[in-house]
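I have placed the structure first, in the form of structure tokens, so that the comments after it can refer back to it.
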Amino acid sequence: MSGARCQVSHAPHKKVQNADDNMYPENVEPTLTFILQESGITVLNNELGFSARNIKALCDVGNSTKKGSGAGYIGQKGIGFKSVFRVTDAPEIHSNGFHVKFDISEGQIGFVLPTVVSPCNIAMLSRLASKDPILLDNSCWNTCIRLPFRSKLCEGIIINNIVAMFSDLHPSLLLFLHRLKCIVFRNMLNDSLIVMRKEMVGNGIIKVSCGEEKMTWFVASKKLQADVMRSDVQTTEIAIAFTLQETNGNYRPLLDQQPVFAFLPLRTYGLKFILQGDFVLPSSREEVDGNSPWNQWLLSEFPGLFVSAEKSFCDLPCFRENPAKAVAAFMSFVPLVGEVHGFFSCLPRMIISKLRMSNCLLLEGDYNYWVPPCKVLRGWNDEARNLLPNSLLHDHLGLGFLNKDIVLSDPLARALGIEEYGPKVLFQIIASLCRTENGLKSMGLSWLSSWLNALYTISFHSPGQSLLHSGIETDIISKLQKIPFIPLSDGTFSSVDEGTIWLHSDGSGVDGGLEAFPHLYGKLRTVSPALLTASAVDISCLDGTSVDNLTRMLFKIGVQQLSAHDIVKVHILPAISDDTNVNRGKNLMIDYLCFVMIHLQSSCCNCHVEREFIVSELRNKAFILTNHGFKRSTEVSIHFGKDFGNPVDVNKLINSLDIVWHEVDISYLEHPATESLSYGLIKWRSFFQEIGVTDFVQVVQVDKSVADISLTISRDIWDTELISPRSTAKDWESIELVQLLSLLPTSVNRESCKYLLEILDTLWDDHYSAKTIGYCNFKPSGDGTPFKSSFICNMHDIQWAVSSMDTELHYPKDLFHDCDAVRSTLGASAPYSIPKIKSEKLLRDIGLKTEVTMSDILDIVKVWIKVVTREAIYYGLVDGSFKYSLVNWALPYAQRYIFSVHPDKYHNFKQSGFDTLNRLQIVVVEKLFYRNVIKNNGGASKKRFKCSCLLQGNVLYTTRDSDSHALYMELSCLFFDGNPELHLANFLHMITTMVESGSVEVQMEFFILNSQKVLKLPVEESVWSLPPSSMENDESIQISLASSEVNEQNSSKSKRKAGISSNWPPVDWKTAPDFSYARSNGFKTQAAVARPSRMLNGDDDVDVDTQTNAVPFEIDATLPMGNDSAMTSTALMLPDAENMDDQLGEAFNQNGSSTVLDLADKGPKAGASKFNIRDRLNTGAPNVVQALQTGKDGELAAFKHFTGLFGKRAVKWVNEINETGLPYDIVIGEKESEREYIEVKATKSARKDWFNITVREWQFAVEKGETFSVAHVILSDSDAKVTVYKNPVKLCQQGKLQLVVMMPR
């Protein structure tokens, strides 16, 4: 069924198309009649009729008589007639005497081969066509076409579809036909009649009647020159038809969707008006061919036709009195983007684009003034017209009010770009006025108040406006904040962006009134009261809301209500932290801070919430006036001065220090507002303390990582608490205190340090005690691991505490608190901290001692030793030329040693101009003693001690028979701040020994450079030597001692070679008095004598304790000779050879390697000593070079031995590269807790049953006990035998080894 209907659906349109192409007599109304009968359809047309040419064309497919027409026909394909074969097999044509049919039932030749048939009864058909006598009489049907149905089309259902198809014929079918004016449909099946007749009214109005109903269209058309697109067509015409509803001569638009026409209707595309064009169609004739260039060209011409149709539409008689209504009606047909689809979807954008560029709208007023959409303002009201006169609107925005009768939809208005009356326009007006010179001022404050009222009303008070324009209003308010339109009290206009603007209101809440703060009030920018006055008389607001609306709008723009709290928060806080204000006058800045202080004392409810914020801002940013100008408390520490009740007299503390101390200026106390304030000083102190001002040093809390404070956290906390280095910590620190503590010791100002402790004692409990502890992994609840804060650690780590015993400064932990527990043990001899402190918390925190331990007693004894010095006592001055020459000879070697080993010491010594060396004097006496003297009180011991050498000040005292080593020990004190330098003395003693033993200079240089690693002096260095005046005679010494003065003379720094002095050793050195001991002992060096400290003239009758320490004959050049200046030369004697097995067990195996013996559990039997008793040790002649080599070979042999036992990683030879001077030669064990120390003693004599051991080595052996051993190495040409004596001290106690002390003759 659907297929059958599809076949016949276009048959009526084809007949209408053919009828419109026909030619008609002039005196007839071109009419086409359809008669539907059960047998078929009959078509009657009152055209001129067929010609022979027409009949011939029907017999030739594609040969149409319509081709070549310049104006074009609505049917051009040459097969229009053939469409009738869709409903019939034998259509008949009766016209102008032609009576033929084309019968295809006989074959396909029937399409083109006509068959003659009998004429039909046209008169009878004419009677059937109409019941109207007028139509019957006036009709002259020259052409009749009969379409008998095929047999299968006679079914009822298909017949009904054919009836419905004819009933769907719309009156608009006649709109765009060229000739046909009337269409009649006679249904014989139900005896119905439909007559559609077109009437051309004029002015573009076309009416089509359909029975009793009439439809009206406004049609605008345009002829196009078509030959630019198609050579076979000269012109073509396009048209637009707007459907109208007529009522009492007036028209209103009907906006139903309308089809597109190609002379006959195709389908709808979403347009509210009809488009007509000679479109190229596909064979289905259902839509426009979208790919056709012709169709695209036609489409591009419609926007121009649409826009030009507006003026003709407005010229219709019914709109002449009010063309604005015509514009509103016409604009309702404008399609919007998205409404139209298919081939014509781009048409809305094209039409709107054309309209935006055309004068298509009318302005309000008596004159019909046409303007484009961008020049009109829509949505206005009477208030807007009063606020924005036409001239104001035109001059500043170039706009006019849209005619009030032109009502447009919001989407169409937005699409056309029409400006909407609202906040945006009001902003544009005010912005333009502000850009114009005197523009806003010329409008007056009354107009400005009305403008503010209108802006508030339209933005926030109109129903639905706030939600609609919320995004726009936010942007506009932001822009308004930058526009200087707000009138100020000083007559100027400003914006809130230029600074806070305040609005007066009743009960502003300004504490005490602003008159007490004239400088502050002068800086407040307030809205002109005249603006509020003008708003109060605004007649546009009869309900009295104008003032309220104005103030609300000002607040929304950012104007602040004048209240004390808002002044503080909005004005003062930013201003008081602005460094540019600092240079504008101190009175303003003082006003700011004073205002805030007084306000915070008030009962302001907002301060309960925001007080902490305000105080924090002041503490971190506010500039405070001090005695050194305006400063921030976060940048420098600021303190109270005396006028603010500070108990600290800071001048007593820092008067001699290079430190800047900032104090709050007294101007705050002298402010007029303070004078009227009760308890002003107390309130100022409380306020300043809140913002970081202190009486004394400032201690602040800082956030740190645990890695930053790891040195202050004890190791047990790391282990037990498992604190990660990435953990956080809250620490306390005081940069100011660190600076103060670091400067006090440099000046050694005891009084300042004492006053510092007094200050801390006063303030500690209230201000500092809580800041001695920091916390790791800090939590607000207080949980966390505590540690000593940096604040208290700095007090621990700097020497600043004053002692009662000396003039130096000390660490607090090294001093005692003066209490009964300490005095009962140490009495007045303990180093007490002064002054005595009262705060128990301070006493505990800084670590003063309150109890006495054994370690403390030992430390006290050491202190006593330090304060005890030695005073020289001598008898008889003797010739000192030999000692002078010896020291003068040794000085260049000492210079080389200090230059190489102690370069820093040498540099400092050189910087002083070698002052101490220049003043050195050598005094040789017959007898030399010393006694102990206490420095502070001058008390002296009655007991004196004999000695051989003593350096006192710049005088080196020595006896004629003093040992060179003792002499060098005292000489070293000259270069090392009064302390003996053992290694220097050993070095000088060894090269002296080499000279005495006959070594030549080449051998000595080899020893000095390679063994001792002492370099030669650079050429530019002057060689040290003694000045001639250094050797004093008896008379000069007496004068020197009596006057307590020392003659200062420059030393001779000649460029002599750093070698042996020309004066020493003398040619007859072997017979010299000082070498008597050497002669009698095979030219070995005499033992050193204990060193004295100071000199006392006279020969008092006091006890003498002679201390002499022998030096062994053989010197081990690789070992230091001990730490004590009073050297003893000791030796360990080994058991007899024949008793070795009994005493120590088997010492060697068959391979000659050693066996380590541990005899700790084998105690000696009483009287079981197997050592030989002898008067003296058998010593051979010394050979220093050989002794050094023997020692080195012995250490190598021992190293190889222990490496074989324990591996190379576990054994370290400390002297492998050069001599270290340590009391051991080999270390075994990688971990410090498991190490053992080996001292190597080597010899090439298997019969030698002793070895030399220094006092330092013996002290080390006592200290280490079981971890110290002596490896005794006997070297031969082929191998070495190593015997290990573990814990030699214990072996001596058990009698298995014997300690021998050798004494000089």
Determine whether [X] and [Y] make a side-chain contact, defined as any pair of heavy atoms from C-beta on separated by less than 4.5 Å.
X	Y	result
Ile792	His796	yes
Asn794	Leu737	no
Asp643	Tyr668	no
Glu758	Lys754	no
Ser616	Arg619	yes
His983	Val901	no
Pro812	Trp800	yes
Leu593	Met597	no

Does [X] pair with [Y] as a salt bridge, N-O distance under 4.0 Å?
X	Y	value
Asp977	Lys905	yes
Asp695	Arg685	yes
Glu1232	Arg1235	no

Could you state the interatomic distance from [atom1] ([X]) to [atom2] ([Y]), rounded to the nearest 0.5 Å?
X	Y	atom1	atom2	value
Glu635	Lys621	CD	NZ	12.5 Å
Trp1258	Phe1268	CH2	CZ	9.0 Å
Asp856	Met854	CG	CE	10.0 Å
Leu843	Lys836	CG	NZ	10.0 Å
Met969	Asn979	CE	CG	10.5 Å
Leu809	Asp814	CG	CG	12.0 Å

Exceeds 12 heavy-atom contacts within 6.0 angstrom, atom [atom1] of [X]:
X	atom1	result
Asp658	CG	no
Ile735	CD1	no
Glu840	CD	no
Gln689	CD	yes
Asp820	CG	no

Could you tell me which non-hydrogen atom of [X] sits nearest to which non-hydrogen atom of [Y], and how far apart they are?
X	Y	value
Arg750	Ile834	NH2-CD1, 3.9 Å
Leu756	Leu740	CD1-CD2, 4.0 Å
Ala770	Trp732	O-NE1, 4.1 Å
Leu967	Leu956	CD1-CD2, 3.8 Å
Tyr832	Asp818	CD2-CA, 3.5 Å
Ile773	Pro786	CG2-CB, 3.6 Å

Between Phe909 and Phe975, ring centroids under 6.0 Å: yes
Test of ring centre spacing under 6.0 Å for Tyr1224 and Tyr1237: yes
Worked check of side-chain contact (heavy atoms from CB on, under 4.5 Å) between Lys631 and Ile638: CA-CA 8 Å; Lys631 302 293 179 183; Ile638 303 177; 4.2 Å; yes
Positive for side-chain hydrogen bond (donor to acceptor under 3.5 Å, both in side chains) with Ser839, one of Asp761, Thr762, Asp765: Asp765
Under 3.5 Å, side chain of [X] to main-chain N/O of [Y], donor-acceptor pair present?
X	Y	result
Asn627	Glu663	yes
Tyr768	Val699	no
Ser705	Thr728	no
Ser790	Asp731	no
Ser633	Val693	no

Six-ring centre of Tyr811, Lys813 cation under 6.0 angstrom, axis tolerance 45°: yes
Within 45° cone of Phe791 ring axis and under 6.0 Å: Lys771 NZ or CZ: no
Stepwise side-chain contact (heavy atoms from CB on, under 4.5 Å) test for Leu760 and Met795: CA-CA 11 Å; Leu760 293 175; Met795 298 183 67; 3.4 Å; yes
Working for side-chain contact (heavy atoms from CB on, under 4.5 Å), residues Leu657 and Ser752: CA-CA 10 Å; Leu657 301 179; Ser752 294; 5.7 Å; no
Plane angle bin for Trp661 and His639 - parallel if under 30°, tilted between 30 and 60°, otherwise perpendicular: parallel
Phe688 and Trp684 aromatic ring geometry - parallel, tilted or perpendicular at 30°/60° bounds: parallel
Audit row: Thr825, Phe816, side-chain contact (heavy atoms from CB on, under 4.5 Å) steps and yes/no: CA-CA 12 Å; Thr825 303; Phe816 289 91; over 6 Å; no
